[in-house]
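Atoms considered below: every heavy atom in the structure, side chains included; atoms not considered: hydrogens, waters and symmetry mates.
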Amino acid sequence: MEVREQWGTRAGFILAAVGSAVGLGNIWRFPYVAYDNGGGAFFIPYLFALLTAGIPLLMMEFTMGHKYRGSAPLTYLRMNKKTEWIGWWQVTIAFVISTYYSVIVAWAMAYAYFAVGLQWGSDPGGFLMGEYLQRVDIVNGAPIGSVGSIVPGVFIPLILVWVISLAILFKGVKKGIEKANRIFIPLLLVMFIIIVIRALTLDGAMIGLEALFKPNWSEIASPGVWVAAYGQIFFSLSIAFAIMITYSSYLPKGADINNNAFIAAFSNSSVELLAGFGVFAALGFMAKQANLPIEEVATAGIGLAFVVFPEILNSFPGFNGFFGLMFFGSLVFAGLSSLISVVETFVAAIQDKFNLSRVKAVMIGGGLSALISILFATQGGLFFLDAVDYFINTFGIALAGLVSVITVSWFLKKLTSFQDHANLTSDLRTGLWWKVCLQIVTPGVLGYMFILNLMDNLKSNYEDYPAAFLLYSGWGVALGVIVIGFIMAALKWRKNEGVDEA
């Protein structure tokens with residue numbers, strides 16, 4: 001078997017794992033989820049979810065990649081020949097995510113430029129949808145599902161995002177991904193800490209922090225709050241779509257798997273907590289300036305980053321452009337580190353399956369993703385992005401996680417051998433709790449989440465989008481990645497040594 005690429009140092013691997021986990025969702029999703037689900041009381045189910053699902057799953061994927069020394073498809077193949085399709089399913093999910101995630105990074109890049117001089121003007125919402133994204137229904141009066149023309153303001157930074165990402169991937173694991181994360185992650189943290197410190201000194205900051213951290217203990221009894229906690233942990237740690245299996249396959253033989261999982265998970269949660277301080281301190285300032293209750297200004301996602309924050313920056317008492325540059329710059333670095341990890345999953349899979357060089361694999365996998373991403377840089381791109389993102393997360397990642405954990409723990413009964421493998425080189429040894437979490441707690445919660453989400457989406461269309469549009473941009477994508485998983489698994493491997501049982 002040929003020598004596999006390796007991380008240069010343990011710190012390099014951890015930075016890369018943290019870089020993958022710390023993405024746009026940490027900054028624009030976690031604070032609102034916490035606020036909306038009991039405030040300070042939310043941290044109890046959040047911590048419970050981290051310890052019973054997040055870290056155990058992270059350990060499982062780290063162990064799989066480290067033990068079988070391959071991309072996700074090769075890892076699943078070496079584990080059992082009948083499960084290769086799960087690896088390809090996860091890789092295809094990652095591929096889909098890369099096509100639209102790159103566009104959001106391009107938005108952040110454009111907004112870092114717009115921040116200088118506050119070019120979004122006095123109506124950031126109107127600027128985003130009309131002037132910047134040139135949304136097809138606003139500009140042309142066209143229905144949802146219409147593509148429209150390419151938007152230059154999105155397309156140009158998108159090219160830059162792909163040039164940077166692919167250039168890093170061409171360089172390989174040690175000289176490319178590891179080196180990039182050694183730059184991106186410290187820069188991201190410095191920039192965001194500057195934002196947080198400034199936000200905490202704003203007039204009204206305590207209003208926001210009180211809204212976020214004041215515990216609403218009655219919410220603890222609500223099943224929805226616990227589902228939200230598990231959902232946040234699951235989606236923020238980059239588990240179940242091939243990344244952590246791929247990254248851990250580059251670890252040296254004697255790597256401390258269990259400690260690495262704890263360090264990566266708690267580092268990710270620390271950034272989420274930091275984001276909570278910064279975001280809600282700024283929202284408290286905005287609420288006081290507008291003389292509005294915090295619930296009327298608190299939001300999440302694209303609206304928070306590209307509408308609410310520009311509104312806050314418009315009211316900033318001095319150095320608006322600088323702090324805008326820091327905020328959107330931190331989004332760019334968070335997005336790039338995550339995008340690189342997502343693309344690496346299918347680059348590694350193509351390399352393993354078809355016995356290609358890294359350069360060819362990056363050109364084929366990354367090039368195809370870049371080409372498809374142009375769809376989301378059109379006037380109708382936002383609607384496609386919204387639908388694809390929702391369905392690939394809800395019925396892609398979550399379902400793939402459920403299937404993988406049930407397959408590993410129940411059908412293949414691999415947990416004991418995985419535990420022995422991880423404990424052999426780890427200072428921190430896992431016991432019965434790890435097996436119980438993966439056999440009972442995690443499948444139970446993921447299964448419950450899946451059924452709830454399925455029932456909700458069968459009752460009513462997501463965002464009231466037309467059924468025909470959701471059929472191909474939502475349901476079609478979620479089912480399509482499974483079909484592609486089986487097709488890719490059916491193709492022959494180009495090298496025999498790649499499929500030997502480890």
Side-chain angles (χ1 to χ4, degrees), residues 52-94 230 233-234 237-246 248-249 257-258 261 345 349 352-353 394-424 430-454 478-479 481-491 493 498-502:
T52 59
I55 292 173
L57 267 171
L58 207 52
M59 284 179 175
M60 186 186 90
E61 294 203 342
F62 278 3
T63 306
M64 287 172 66
H66 185 259
K67 180 178 172 68
Y68 296 113
R69 318 296 295 169
S71 59
L74 182 53
T75 291
Y76 276 96
L77 178 71
R78 285 176 171 167
M79 185 170 67
N80 187 291
K81 291 184 178 181
K82 293 178 180 178
T83 61
E84 182 193 342
W85 70 274
I86 299 175
W88 281 112
W89 179 17
Q90 293 184 352
V91 162
T92 311
I93 288 169
Y230 275 92
I233 289 294
F234 194 74
L237 280 177
S238 293
I239 40 185
F241 57 111
I243 293 173
M244 294 309 178
I245 292 174
T246 307
S248 59
S249 73
I257 293 167
N258 295 340
T345 62
D352 285 345
K353 180 90 178 186
T394 307
F395 301 109
I397 296 175
L399 184 58
L402 177 62
V403 170
S404 66
V405 77
I406 288 176
T407 300
V408 170
S409 62
W410 292 4
F411 294 113
L412 301 183
K413 298 182 177 7
K414 289 282 187 180
L415 291 185
T416 300
S417 66
F418 284 0
Q419 190 173 47
D420 292 342
H421 179 89
N423 284 346
L424 191 65
T430 57
L432 183 63
W433 73 273
W434 187 73
K435 289 183 180 178
V436 170
C437 288
L438 290 176
Q439 287 178 325
I440 300 169
V441 180
T442 303
V445 173
L446 286 177
Y448 181 66
M449 281 172 56
F450 176 75
I451 292 167
L452 277 185
N453 287 323
L454 185 62
L479 289 171
V481 291
I482 300 174
V483 172
I484 292 171
F486 280 108
I487 292 171
M488 292 301 292
L491 300 176
W493 287 78
V499 298
D500 292 338
E501 195 75 20

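Closest approach of P443 to V405, counting heavy atoms only: CG-CG1, 3.9 Å. Across every non-hydrogen atom of M59 and A261, the tightest pair is CG-CB, 3.6 Å. In terms of heavy atoms, A478 sits closest to I482 at O-CG1, 3.7 Å. The two residues T75 and G70 have their closest heavy-atom pair at OG1-O, 2.9 Å. Listed here is the closest heavy atom pair of T345 and A94: OG1-CB, 3.2 Å. In plain terms, the two heavy atoms of A400 and A240 that are nearest each other are CB-O, 3.9 Å.
Under the 3.5 Å distance criterion, the side-chain polar atoms of K67 are left unmatched by any main-chain donor or acceptor of S417. Listed for the T83 side chain is a donor-acceptor partner under 3.5 Å among the backbone atoms of Y76. Of the possible donor and acceptor atoms, one in the side chain of R78 sits under 3.5 Å from a partner among the backbone N and O of R69. Judged by distance alone, with hydrogens and angles left aside, the side-chain atoms of Q419 form a donor-acceptor pair with the main-chain N or O of G431 at under 3.5 Å. Under a 3.5 Å cut-off, the side chain of N423 and the backbone N or O of T430 do form a donor-acceptor pair.
A 4.5 Å side-chain heavy-atom check between N80 and K414 finds every atom pair outside the cut-off. Between Q90 and S404, some side-chain heavy-atom pair lies under the 4.5 Å cut-off. Residues W89 and L399 have side chains in contact (heavy-atom distance under 4.5 Å, counting atoms from C-beta outward). Counting heavy atoms from C-beta outward, M488 and V91 have side chains that stay 4.5 Å or more apart. Side-chain contact check for M79 versus F418: some heavy-atom pair is nearer than 4.5 Å. Looking only at side-chain heavy atoms (C-beta outward), L402 and M449 stay at 4.5 Å or farther from each other. Proximity of F411 to K82: side-chain heavy atoms (C-beta onward) are nowhere separated by under 4.5 Å. Inter-residue side-chain proximity for N453 and F395 is flagged as met; some heavy-atom pair is nearer than 4.5 Å.
The aromatic rings of W85 and F486 sit parallel to each other, their planes meeting at less than 30°, with 60° as the upper class boundary.
Atom CZ of F241 is separated from atom CD of E61 by 9.5 Å, given to the nearest 0.5 angstrom. Interatomic distance, OG1 of T52 versus CD1 of I440, reported as 12.0 Å (0.5 Å rounding). Here the CZ atom belonging to F62 is positioned 5.0 Å from the CE atom belonging to M244, to the nearest 0.5 angstrom. Atom CG of residue L438 and atom CD1 of residue I406 lie 11.5 Å apart, to the nearest 0.5 angstrom. A distance of 11.0 Å separates OG of S248 from CE of M60, quoted to the nearest 0.5 Å. Here I239 contributes atom CD1 and L57 contributes atom CG; the two are 4.5 Å apart, rounded to the nearest 0.5 Å.
Atom CH2 of W433 is surrounded by more than 12 heavy atoms from other residues, nucleotides or ligands within 6.0 Å.
T442 and Y230 form no side-chain donor-acceptor contact under 3.5 Å, judged by distance and modelled atom types alone. Judged by distance alone, the side chains of D352 and S71 do bring a donor and an acceptor atom under 3.5 Å apart. Using modelled atom types, one finds a donor on one side chain and an acceptor on the other under 3.5 Å when comparing T416 with K435.
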Exercise for the section: Give the intermediate values and the outcome of side-chain contact (heavy atoms from CB on, under 4.5 Å) for residues N258 and W434. Expected result: CA-CA 11 Å; N258 295 340; W434 187 73; over 6 Å; no
Handout entry: Criterion side-chain contact (heavy atoms from CB on, under 4.5 Å) on F234 and I397, from CA distance to verdict
Key = CA-CA 9 Å; F234 194 74; I397 296 175; 3.6 Å; yes
